[in-house]
Each structure stands twice: as structure tokens, then as C-alpha cells.
Protein chains: 2
Amino acid sequence: MGGEALKGHLDLLLLTSIEAGARHGYAIAEELRRASFGTFDLPDGTIYPALHRLSEAGLLTSEWSEDGRRRRLYTLTAKGRKALERQRASWENFERGVRGVLTLRPTR
Amino acid sequence: MGGEALKGHLDLLLLTSIEAGARHGYAIAEELRRASFGTFDLPDGTIYPALHRLSEAGLLTSEWSEDGRRRRLYTLTAKGRKALERQRASWENFERGVRGVLTLRPTR
DNA sequence: TGGTAACCATCGCAACGCGATGCGCCAAAC
DNA sequence: GTTTGGCGCATCGCGTTGCGATGGTTACCA
């Protein structure tokens with residue numbers, strides 16, 4: 001919800017979820033929904049292309065699972081881990097900035 | 001900085017700054033830069049079109065200043081105030097969601 | 001046997017931030 | 001007195017990106 005507030009922050013969520021243990025798209029979506037208290041309920045059209053994009057960027061590697069279920073399992077690369085680190089820092093800074101602005105109080 | 005993290009959150013910043021007292025584009029940019037500790041250093045191409053958009057949406061009204069300097073002075077409309085209220089709530093929720101996800105810790 | 005949930009993929013659109021570019025005014029410095 | 005630089009606004013065009021729509025396949029249970 002909320003227009004396109006997610007833009008630019010999706011990668012952070014995805015990478016975080018994968019680092020935390022989630023392995024395939026569907027599970028990532030579930031975990032994000034749960035961990036965000038329902039705030040991030042990402043549709044397929046959002047999550048799968050994003051995973052492809054991250055893979056193409058070299059932040060993720062993937063393989064097909066062997067155990068019956070046809071699912072693509074993702075893992076962070078070294079580059080992905082570094083990117084996650086940066087994204088985290090970037091988020092902290094972003095949040096700090098917004099909070100700073102939000103503390104502005106009317107002067108009239 | 002940081003890709004396009006700002007997307008979807010710009011209006012909140014703009015409206016907040018105007019409610020806080022800033023009246024014209026240039027001053028808004030200055031205030032945002034200051035209040036965000038330098039994080040939000042918005043270029044012209046970002047700020048002016050956004051103000052036009054918000055005006056067109058009925059959240060702002062504007063008039064040209066009389067005192068020598070040619071500047072467009074913005075004011076929140078009632079609708080704008082309500083929108084700001086909603087945006088604030090939306091941000092709180094968004095932030096809560098991200099924080100929730102960020103608390104995920106590796107399980108391996 | 002039929003429905004539902006798990007699971008993945010791709011196309012195309014709309015929205016938006018922002019760089020580039022150009023314009024006009026004013027004050028101070030040279 | 002002219003150049004410089006800060007103030008102040010506007011518009012065009014591009015690239016990125018989230019997401020809805022659409023269409024699959026497979027597993028499980030009634």
C-alpha cells in the first residue's frame with residue numbers, strides 16, 4: 001500500500017530476507033509479509049522480476065531445487081552481502097533524514 | 001543519494017516543510033537539506049515539478065510574491081493538510097515494516 | 001475429479017525523481 | 001561597469017522500477 005513508497009527499498013528487503021534464511025521467491029514473500037506485520041504483501045509481479053534483476057547484478061546466485069518441488073533457490077554472493085551492508089547503511093541514513101524533517105514543527 | 005529511495009516519500013517531505021513554515025521552492029529545498037542533515041539535497045528538477053504536481057492535485061495553493069523577489073509562495077489547503085496526515089501515518093507504517101524486516105537475523 | 005494452494009515467468013504500463021538546459025534578478029567584487 | 005555568483009523558477013526527456021495481468025505447472029485434499 002501507499003503508492004510507490006517501496007521504490008528503492010525493495011532490494012534491501014529481499015536481500016535481508018535471503019540472508020536471514022529464506023531461499024525461494026514464495027518463501028521470501030511470506031517472510032516479508034510476516035516480518036513486516038502485513039505491511040509488505042508483495043505480488044508475484046514484483047518479487048520475481050526483482051530476484052532476476054538482483055541475480056543479473058551478481059548479488060544472488062540461484063539453482064533449481066532437487067527435492068520434488070520445482071523452486072528456485074537463491075543465495076547471497078559476496079557481492080550481494082556487501083551490497084546488503086551498503087543498503088542497510090543507506091536506509092539508516094534515509095530514515096534519519098526523514099525523521100529529521102518530521103520533527104519540523106509549524107512556526108505559525 | 002542511494003538510487004531512488006526517495007520515490008513515494010517526496011510529497012511527505014514537501015508538505016511537512018510547507019506546514020512548518022517554508023513558503024517557496026528554494027526555501028523548501030534549503031530547509032529539507034538542513035533538517036535532514038544533508039541527506040536530502042534536492043535538485044531543481046525534482047522540487048519544482050513536484051510542487052506543481054501537488055498544486056494540481058489540490059494539496060497546495062500558490063501565489064506570486066509581491067515583495068520584489070519573484071518567487072512563488074505555497075500554502076497547504078485543507079485537502080493538503082489531510083493528505084499530510086495520511087502520509088505521516090503511512091510513513092510510520094512503512095518504517096515499522098522495514099524495521100520489522102531488518103530485525104530478521106540469519107538462522108544458519 | 002475438481003478445487004485450492006504452492007511456485008515460477010514475462011509483458012507492458014504508469015509514475016516519478018532528476019539531470020540538463022535555459023531564463024531572469026540582484027548584490028558584491030574586480 | 002561589467003563580471004561573478006547566489007537566488008529563484010520552469011520544462012523536457014530519460015531511465016528505473018513496482019506491479020497488475022496473464023499464463024503456466026505441480027502437489028494435495030475433499
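Keep in mind that what you see is a predicted model, and the values were worked out from it rather than measured. Proteins come first, then strands; the chains are lettered A, B, ... in the order of their sequence lines, and each starts at number 1.
- Look at CG on A:L6: it is 14 Å from P on C:dG17, rounded to the nearest Å.
- A:L12 has its CG atom 12 Å from the P atom of D:dG18, to the nearest Å.
- In this structure, CG of A:D11 is placed 11 Å from C1' of D:dG18, rounded to the nearest angstrom.
- The shortest distance between side-chain heavy atoms of A:R88 and A:L84 falls below 4.5 Å.
- For the pair B:H52 and B:E56, the minimum side-chain heavy-atom distance is 4.5 Å or more.
- As rounded to whole Å, 11 Å separates atom C1' of D:dC9 from atom CZ of B:R69.
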Quick one: which protein N/O atoms are closer than 3.5 Å to N/O atoms of nucleotides 28-30 of chain D? Pair and distance per line, please.
none

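- Going from atom CG of B:L51 over to atom C1' of D:dT11 covers 14 Å, rounded to whole Å.
- A:R53 comes within 4.0 angstrom of the backbone, heavy atoms only, and of no base.
- Using a 4.0 Å cut-off between charged side-chain N and carboxylate O, B:K7 and B:E4 make a salt bridge.
- When all heavy atoms are compared, the tightest approach of A:L32 to A:S17 is CD2-CB, 4.0 Å.
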>> Walk along nucleotides 8-15 of chain C from 5' to 3' and tag each nucleotide B, S or - by protein heavy-atom contact under 4.0 Å, base first, then sugar-phosphate.
In response: BBB----B
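- The interatomic distance linking A:I47 (CD1) with D:dG20 (P) rounds to 13 Å, in whole Å.
- Looking at A:E85 and A:R81, no side-chain N of the basic residue comes within less than 4.0 Å of a carboxylate O on the acidic one, giving no salt bridge.
- Scanning both residues, B:G25 and B:I47, for their nearest heavy atoms gives O-CD1, 3.9 Å.
- Here the P atom of nucleotide C:dC16 and the CG atom of B:L14 are 13 Å apart, to the nearest Å.
- Closest approach of A:S36 and B:V101 over heavy atoms only: CB-CG2, 4.1 Å.
- When the P atom of C:dA5 is taken as reference, atom CZ of A:R33 falls 12 Å away, rounded to whole Å.
- Remark: A:R96 is positioned above the aromatic ring of B:F37, its terminal NZ or CZ atom under 6.0 angstrom from the ring centre and at most 45 degrees off the axis.
- For the pair A:R99 and B:E95, the salt-bridge criterion is met [side-chain N within less than 4.0 Å of a carboxylate O].
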